[in-house]
Amino acid sequence: AQSVTQLGSHVSVSEGALVLLRCNYSSSVPPYLFWYVQYPNQGLQLLLKYTSAATLVKGINGFEAEFKKSETSFHLTKPSAHMSDAAEYFCAVSEGDGSRLTFGEGTQLTVNP
Amino acid sequence: DTAVSQTPKYLVTQMGNDKSIKCEQNLGHDTMYWYKQDSKKFLKIMFSYNNKELIINETVPNRFSPKSPDKAHLNLHINSLELGDSAVYFCASRKGSTDTQYFGPGTRLTVL
């Protein structure tokens, strides 16, 4: 069975500050891991994914995430927040090929001017 | 061109009615999904079809019936709508040999 825990349902940062959104996973096999972003009243857009290649993954809009097997984590970071980053962020895990995604509960990111 | 599209975008209906939501993808993908996002924004998979064959069926009430007339379409029919069915329903698709699911814009269903 697979599961995802996102620590912090709400994260607030100042514009220009570091963004850190936390994700821990549980999986009985080597996982595939994903971060999706959902802007208000829109669908989900893939930010980045880990599929057993490089452990540091770069995505769109300046985001990156690092897979740490020893910590079962896949935290999302961005060095400098923009106002346009305000959205809901979802971490998801899939055992194997991405055919079945299990999502975390989401983290609402607020960026303050 | 929209990759994964859903109609309608908004659906408001009375309890007890039957309604359908349609999904189409023009990506040439062979696997399609329905997800439900509740009021707390929690996303949960409902169904998955691969080449018109049902491959994932979570513990969803049998009032929900997906139908895939062809690889590019996956519709969701809901009978006897209940208040608890109010949610945003997302369609997604994926090419069988790859790992990324692409999501539609969602259908916000409100049951009164």
Side-chain angles (χ1 to χ4, degrees), chain A residues 1-6 8-11 21 23 27 29-54 57 59-60 65 67 74 86-110, chain B residues 2-11 21 23-25 27 29-51 53-60 87-110:
Chain A
Q2 54 195 30
S3 65
V4 173
T5 301
Q6 291 183 238
S9 58
H10 290 85
V11 170
L21 304 183
C23 173
S27 176
V29 299
Y32 283 13
L33 293 157
F34 305 81
W35 276 100
Y36 281 87
V37 61
Q38 183 179 26
Y39 298 103
N41 298 314
Q42 293 188 27
L44 280 76
Q45 180 183 3
L46 181 70
L47 273 179
L48 49 79
K49 62 184 178 184
Y50 166 77
T51 57
S52 74
V57 181
I60 62 171
F67 171 69
F74 190 57
E88 188 87 20
Y89 291 80
F90 292 94
C91 182
V93 64
S94 176
E95 290 181 346
D97 62 358
S99 60
R100 182 193 289 263
L101 287 178
T102 298
F103 284 89
E105 295 185 350
T107 297
Q108 178 70 47
L109 175 66
T110 300
Chain B
T2 303
V4 183
S5 60
Q6 296 179 226
T7 54
K9 188 169 175 64
Y10 299 96
L11 183 55
I21 306 171
C23 177
E24 177 181 3
Q25 54 93 4
L27 297 167
H29 292 172
D30 43 23
T31 305
M32 297 183 72
Y33 303 81
W34 278 111
Y35 288 85
K36 180 180 180 180
Q37 186 176 45
D38 63 22
S39 58
K40 295 184 179 179
K41 298 198 174 179
F42 183 64
L43 272 157
K44 192 172 190 316
I45 190 169
M46 299 173 70
F47 301 103
S48 175
Y49 270 73
N50 181 269
N51 284 322
E53 181 183 346
L54 181 65
I55 57 171
I56 296 176
N57 185 350
E58 293 295 297
T59 51
V60 177
V88 181
Y89 292 85
F90 287 101
C91 178
S93 73
R94 166 181 163 265
K95 187 170 176 58
S97 59
T98 65
D99 44 55
T100 301
Q101 295 185 23
Y102 294 85
F103 284 77
T107 295
R108 183 176 294 276
L109 171 65
T110 303

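Computed from a predicted model, the values in this text were never measured in an experiment. The analysis underlying the following values was restricted to heavy atoms, covering all of them including side chains, and did not include hydrogens, waters or symmetry mates. Every chain is numbered from 1 and lettered A, B, ... according to where its sequence line falls, protein lines coming before strand lines.
Interface residue Leu44(A): backbone and side-chain heavy atoms are both found under 4.5 Å from chain B. For Gln45(A), no part lies near chain B; criterion is any non-hydrogen pair under 4.5 Å. Contacts of Gln37(B) with chain A are made by side-chain atoms alone, with heavy-atom separations under 4.5 Å and no backbone atom involved.
Between Tyr36(A) and Gln101(B), the shortest heavy-atom contact is OH-O, 2.8 Å. Across all their heavy atoms, Phe103(B) and Phe103(A) have their closest contact at CZ-CZ, 3.7 Å. Across all their heavy atoms, Leu101(A) and Tyr35(B) have their closest contact at CB-OH, 3.6 Å. Counting all heavy atoms, side chain and backbone alike, Asn41(A) lies closest to Lys9(B) at O-NZ, 3.6 Å.
Residue pairs meeting the salt bridge (Lys or Arg N to Asp or Glu O under 4.0 Å) criterion with at least one member in residues 35-50 of chain B, sequence neighbours excluded, are Glu88(A)-Lys41(B), Lys44(B)-Glu58(B).
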